[in-house]
Amino acid sequence: MLIDTHSHLYDEKFDEDRDAAVDRAKEAGVGRLLLPAIDRESYDAMFALARRYPDYCFPMMGLHPTSVNDNPAYREDLETVARYLADPPEGIRFCGVGEVGLDLYWSRDFLDPQIEVLRFQAELALRYDLPLVLHTREAWDEMCDVLRAFRGRGLRGILHGFSGTEAHYRKIGACGTFLLGIGGPVTYKRSAVAELLPRLSPEELVLETDCPYLPPVPFRGRRNESAHIALVCDKVAELYGTAPEKIAEITTANVRRMFGDAIFS
Ligand SMILES: [Zn+2]
């Protein structure tokens, strides 16, 4: 069984064929989809998908760092996140706090509020004993700095879309228990993460699509979807010189260790 640990299948880009996309994922051997939240604009769509497929789609709760930029109401939005985690809506059980983090790609002007929002949500992950799904873009040094303050407190989670260096990974690994989320970019030419993988153990990885974004080869330039995670698995298997079934088995066991009963009971 494969697990897509990062699927935005509730995105409006799937409004025309969402059920068919779920069917294609199932046919491709994907046994679970984890749904990272973005912000208030899309929580309801995510809840709707989770309610439609309660044993298949598992939602998270969080405020994405780019939704903090130019958002004077970000503290209210954080209160919404806290309220949902304290009192989930009917038929919803959150499997993680995500996706949250730091994103300096668009602007560095909002670093301070992004750090505040990240810290607040890391505390929520600890309070509810949930994994933290971290989005980090052009902010790996800053992410290391924020997480250092959480050392020794039992933080755990996924470094979604990992694009840092081995040194970043080791530094963050000293701050908690973190797995690397490996997606479409591992299939690209001159992929830094593909070069890094052989120096890590498959026990440190989970697979993800980030669909509708970041499609693997040969789907670049098109909409990504959860079924394509099989191509990511194939590439990771090739890098380790092993069978895709082996990578599927190991990464699924890693997800089970990280998320536990929330998605396997
Ligand atoms: Zn995402």
Do [X] and [Y] touch side chain to side chain, with heavy atoms closer than 4.5 Å?
| X | Y | result |
| --- | --- | --- |
| Val100 | Val117 | no |
| Leu126 | Leu155 | yes |
| Ile172 | Cys144 | yes |
| Tyr56 | Val22 | yes |
| Leu134 | Phe178 | yes |
| Tyr43 | Val81 | yes |
| Ile38 | Met46 | no |
| Leu104 | Leu111 | yes |

**Prompt:** Does CZ belonging to Arg52 count more than 12 external heavy atoms closer than 6.0 Å?
**Reply:** no

**Request:** For residues Trp140 and Tyr169, establish whether the separation of their ring centroids is below 6.0 Å.
**Result:** no

**Message:** Less than 6.0 angstrom separating the ring centers of Phe47 and Tyr84, yes or no?
**Reply:** yes

Is [Y] paired with [X] through a side-chain N to carboxylate O contact shorter than 4.0 Å?
| X | Y | value |
| --- | --- | --- |
| Glu204 | Arg170 | yes |
| Arg24 | Glu27 | no |
| Arg75 | Glu116 | yes |
| Arg223 | Asp11 | no |

**Request:** Give me the one residue out of Asp103, Thr66, Asn69, Asp109 that meets side-chain hydrogen bond (donor to acceptor under 3.5 Å, both in side chains) with Gln114.
**Result:** Asn69

**Asked** For residues 123-147, which residue pairs qualify under salt bridge (charged side-chain N to carboxylate O under 4.0 Å, His left out), counting only residues two or more places apart or in two chains?
**Response** Arg108-Glu142, Glu123-Arg153, Asp129-Arg156, Asp145-Arg148

**ring-ring contact (aromatic ring centres under 6.0 Å, His included) contacts touching residues 230-265 (sequence neighbours left out)** = none

**Fill in**
Here the ring-ring contact (aromatic ring centres under 6.0 Å, His included) pairs for residues 100-121, sequence neighbours left out, are none

Please table the atom pairs, donor to acceptor, closer than 3.5 Å between any side-chain atom in residues 195-203 and protein atoms at least two apart or in another chain.
{"from": "Arg199", "atom 1": "NE", "to": "Glu166", "atom 2": "OE1", "distance (Å)": "2.7"}
{"from": "Arg199", "atom 1": "NH2", "to": "Glu166", "atom 2": "OE1", "distance (Å)": "3.3"}
{"from": "Ser201", "atom 1": "OG", "to": "Glu203", "atom 2": "N", "distance (Å)": "2.9"}

**Message:** Suppose clustering is done on Ile, Leu, Val, Met, Phe, Trp and Tyr with side-chain heavy atoms closer than 4.5 Å. Which residues sit in the same group as Leu231?
**Reply:** Phe219

Report yes or no: does [X] contribute a side-chain atom to a donor-acceptor pair with the main-chain N or O of [Y] at less than 3.5 Å?
| X | Y | answer |
| --- | --- | --- |
| Thr5 | Leu34 | no |
| Asp210 | His6 | no |
| Gln121 | Val97 | no |
| Arg51 | Glu90 | yes |

Using residues 244-252 as the side-chain source, report each donor-acceptor pair under 3.5 Å to any protein atom, sequence neighbours left out, with the distance given to one decimal.
{"from": "Thr251", "atom 1": "OG1", "to": "Ile247", "atom 2": "O", "distance (Å)": "2.7"}
{"from": "Thr251", "atom 1": "OG1", "to": "Ala248", "atom 2": "O", "distance (Å)": "3.3"}
{"from": "Thr252", "atom 1": "OG1", "to": "Met1", "atom 2": "O", "distance (Å)": "2.5"}
{"from": "Thr252", "atom 1": "OG1", "to": "Ala248", "atom 2": "O", "distance (Å)": "2.9"}

**Prompt:** Passes side chain to side chain contact (heavy atoms under 4.5 Å, CB included), Val217 versus Tyr188? Steps please.
**Reply:** CA-CA 7 Å; Val217 171; Tyr188 302 169; 4.1 Å; yes

**Item:** Closest non-hydrogen atom pair between Ser67 and Asp39, with its separation
**Value:** OG-OD2, 2.7 Å

**Message:** For Ala230 versus Ala28, what's the shortest heavy-atom pair and its separation?
**Reply:** CB-O, 4.4 Å

**Request:** Give, for atom CD1 of Ile229 and atom CG of Asp4, the distance between the pair rounded to the nearest 0.5 Å.
**Result:** 4.0 Å

**Request:** Show the numbers, then the answer: is there a side chain to side chain contact (heavy atoms under 4.5 Å, CB included) between Leu49 and Arg18?
**Result:** CA-CA 9 Å; Leu49 179 61; Arg18 188 168 291 106; 3.7 Å; yes

**Prompt:** Honestly curious: do Leu118 and Met60 fall in one hydrophobic cluster under the side-chain, below-4.5 Å linking rule?
**Reply:** no

**Asked** Out of Leu35, Leu33, Asp15, which residue meets the side-chain contact (heavy atoms from CB on, under 4.5 Å) rule with Tyr10?
**Response** Leu35

**Prompt:** Checking side chain to side chain contact (heavy atoms under 4.5 Å, CB included) for the pair Leu147/Met143: CA distance, chi angles, key distance, verdict?
**Reply:** CA-CA 6 Å; Leu147 294 182; Met143 181 60 81; 4.0 Å; yes

